[in-house]
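See below for the structure under consideration.
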Amino acid sequence: MRVLVTGGAGFIGSNIVRTLASGGHEPVVLDALLPSAHGGGEEGGTAGELPPGVPVTVADVRDREAVARALSGVDAVCHQAAMVGLGKDFADAPEYVGCNDLGTTVLLAEMAAAGVRDLVLAGSMVVYGEGRYDCDRHGRVSPGPRTVADLDAGRFEPLCPSCGAELAPGLVTEEAPGDPRNVYAVTKLAQEHLAAAWARATGGRAVSLRYHNVYGPGMPRDTPYAGVASFFRSALARGEAPRVFEDGRQRRDFVHVRDVAAANAVALSALGDRRPGSFDAYNTGSGTPHTIGEMAWALASAHGGPDPVVTGEYRLGDVRHVTADSRRLREELGWKPETDFAAGMREFATAPLRGARRVSRGS
């Protein structure tokens with residue numbers, strides 16, 4: 001199968017390309033080489049290398065002519081191209097919406113014109129907002145956004161919106177309603193709606209893999225658009241202590257990039273069994289939640305220090321806990337993660353990162 005991987009030179013995308021190539025598929029790449037996601041330096045470069053002979057189109061996914069050329073002879077698309085993270089501030093919002101939603105729309109329009117009907121989308125668990133919570137008195141509840149006053153006072157845990165009691169966090173299933181809490185999350189939910197509309201209109205088949213916190217060799221470093229694992233690993237590389245926000249007890253699911261790449265390969269292979277006009281979403285995580293503090297300590301210990309520092313700082317728009325149930329992906333598609341938390345963190349603690357440097361754009 002000839003597969004176009006948008007964002008295929010990036011952290012997750014390059015791992016998908018290597019996985020597809022090793023499985024006998026023919027990957028081709030479209031990547032804008034955004035400086036926030038690519039770099040070199042003394043630590044970077046090798047983890048993002050592509051197999052020899054993989055065709056690469058250097059262009060923005062919003063470039064209709066370049067996308068049309070990249071789709072020539074393609075059987076399916078694995079759409080990874082996106083701006084990620086929270087960015088610096090709300091001034092980044094137009095770029096997020098442009099890259100993630102307009103870019104996805106252009107891709108889908110060109111897929112429709114080219115007759116390409118199979119799509120795997122890089123989704124995200126951020127579409128859920130806060131995760132699942134249960135109140136002893138009121139059952140399952142949906143707490144609202146945390147207030148600045150509470151966060152400033154160190155009151156980080158959401159409370160029951162009905163009685164103010166403490167809540168028990170749990171696992172979110174794919175049936176949970178979307179509740180995005182920041183611009184990035186909104187764009188990821190919009191991507192899913194666009195993919196579903198495209199599938200209905202064209203008879204296409206689309207799957208969204210809602211990634212949890214992906215980590216591993218080749219993450220971009222020293223950029224405000226990276227994830228928390230990259231922040232901590234970058235600090236350790238500079239000889240600095242990882243700075244853990246809030247109290248470090250935020251629950252996440254850290255999943256290795258090789259496992260995410262394998263999930264994409266499995267999803268692509270399974271598209272042929274789906275009915276035309278269908279859209280499905282799958283949580284894609286390790287299945288074993290850990291706190292951000294646990295992750296910081298595991299990395300620091302494997303790296304040889306310095307020890308993490310819990311700062312009490314926060315980012316408005318972050319959620320407290322979000323961990324999802326990934327059983328459906330295991331049961332329906334037969335995927336399972338191979339890298340456990342301890343082994344993955346030991347590897348990541350000394351693995352190369354990508355330095356943030358300027359990379360020219362072109363077509």
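No experiment lies behind these values; they were computed from the predicted model shown.
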Please evaluate residues T104 and H79 with respect to the criterion side-chain hydrogen bond (donor to acceptor under 3.5 Å, both in side chains), reporting the C-alpha separation (whole Å), side-chain torsions for both, the decisive distance (0.1 Å), and the verdict.
CA-CA 8 Å; T104 297; H79 183 33; 2.9 Å; yes

Side-chain (S22) to main-chain (T19) donor-acceptor, under 3.5 angstrom:
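Pair found, side chain donor or acceptor close to backbone of T19.
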
For G123, is there any backbone N or O sitting under 3.5 Å from a side-chain donor or acceptor partner on R210?
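The answer is no, because no donor-acceptor pair under 3.5 Å joins these two groups.
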
Over 12 non-hydrogen atoms of neighbours within 6.0 angstrom of [atom1] in [X]:
{"X": "E240", "atom1": "CD", "result": "yes"}
{"X": "R238", "atom1": "CZ", "result": "yes"}
{"X": "D340", "atom1": "CG", "result": "yes"}
{"X": "E313", "atom1": "CD", "result": "yes"}
{"X": "R249", "atom1": "CZ", "result": "no"}

Straight-line distance of [X] [atom1] to [Y] [atom2], nearest 0.5 Å:
{"X": "N100", "Y": "Y184", "atom1": "CG", "atom2": "OH", "answer": "7.0 Å"}
{"X": "T323", "Y": "R252", "atom1": "OG1", "atom2": "CZ", "answer": "9.0 Å"}
{"X": "L171", "Y": "D325", "atom1": "CG", "atom2": "CG", "answer": "5.5 Å"}
{"X": "Y282", "Y": "L333", "atom1": "OH", "atom2": "CG", "answer": "4.5 Å"}
{"X": "M83", "Y": "D92", "atom1": "CE", "atom2": "CG", "answer": "5.5 Å"}
{"X": "L209", "Y": "L329", "atom1": "CG", "atom2": "CG", "answer": "6.5 Å"}

Can [X] and [Y] be counted as an ion pair, charged N to O under 4.0 angstrom?
{"X": "R327", "Y": "E174", "answer": "no"}
{"X": "E347", "Y": "R233", "answer": "no"}
{"X": "R205", "Y": "D118", "answer": "yes"}

Hydrophobic clusters here meaning ILVMFWY residues chained together by side-chain heavy-atom distances under 4.5 Å, can you tell me if [X] and [Y] are in one?
{"X": "Y133", "Y": "L159", "answer": "no"}
{"X": "F245", "Y": "F156", "answer": "no"}
{"X": "L4", "Y": "L108", "answer": "yes"}
{"X": "V28", "Y": "L20", "answer": "no"}
{"X": "V61", "Y": "Y96", "answer": "no"}

Any [X] side-chain heavy atom under 4.5 Å of [Y] side chain:
{"X": "V207", "Y": "L271", "value": "yes"}
{"X": "V244", "Y": "T311", "value": "no"}
{"X": "V319", "Y": "Y128", "value": "no"}
{"X": "P51", "Y": "V17", "value": "yes"}
{"X": "M295", "Y": "V228", "value": "yes"}
{"X": "L30", "Y": "V56", "value": "no"}
{"X": "R132", "Y": "T173", "value": "no"}
{"X": "V127", "Y": "P180", "value": "no"}

Kindly say whether the aromatic ring centers of F254 and H290 come within a distance under 6.0 Å.
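That pair fails the under 6.0 Å test.
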
With a 6.0 Å cut-off on ring centres, are F348 and Y215 close enough?
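Yes, the ring centres sit under 6.0 Å apart.
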
Give the intermediate values and the outcome of side chain to side chain contact (heavy atoms under 4.5 Å, CB included) for residues F341 and S286.
CA-CA 8 Å; F341 179 78; S286 73; over 6 Å; no

Do you see a donor-acceptor pair shorter than 3.5 Å between the side chains of Q80 and T6?
no

Going by atom types alone, do H256 and E338 pair a side-chain donor with an acceptor below 3.5 Å?
no

Is there a side chain to side chain contact (heavy atoms under 4.5 Å, CB included) between V322 and V126 once you walk through the steps?
CA-CA 8 Å; V322 56; V126 297; over 6 Å; no

Derivation of the salt bridge (Lys or Arg N to Asp or Glu O under 4.0 Å) call for E246 and R146
CA-CA 12 Å; E246 301 186 20; R146 297 180 294 171; 2.8 Å; yes

Please say which of T284, N264, N283 ends up in a side chain to side chain donor-acceptor pair (under 3.5 Å) with Y211.
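Going through the options one by one, the only one that passes is N264.
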
Report the residue from E157, E130, Q250 that forms a side chain to side chain donor-acceptor pair (under 3.5 Å) with H321.
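One option only clears the test, and that one is E157.
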
L107 vs M111, test: side chain to side chain contact (heavy atoms under 4.5 Å, CB included). Steps then yes/no.
CA-CA 6 Å; L107 172 66; M111 288 176 65; 4.0 Å; yes

T288/D253 under side chain to side chain contact (heavy atoms under 4.5 Å, CB included): CA gap, chis, key distance, verdict
CA-CA 6 Å; T288 307; D253 185 330; 5.9 Å; no

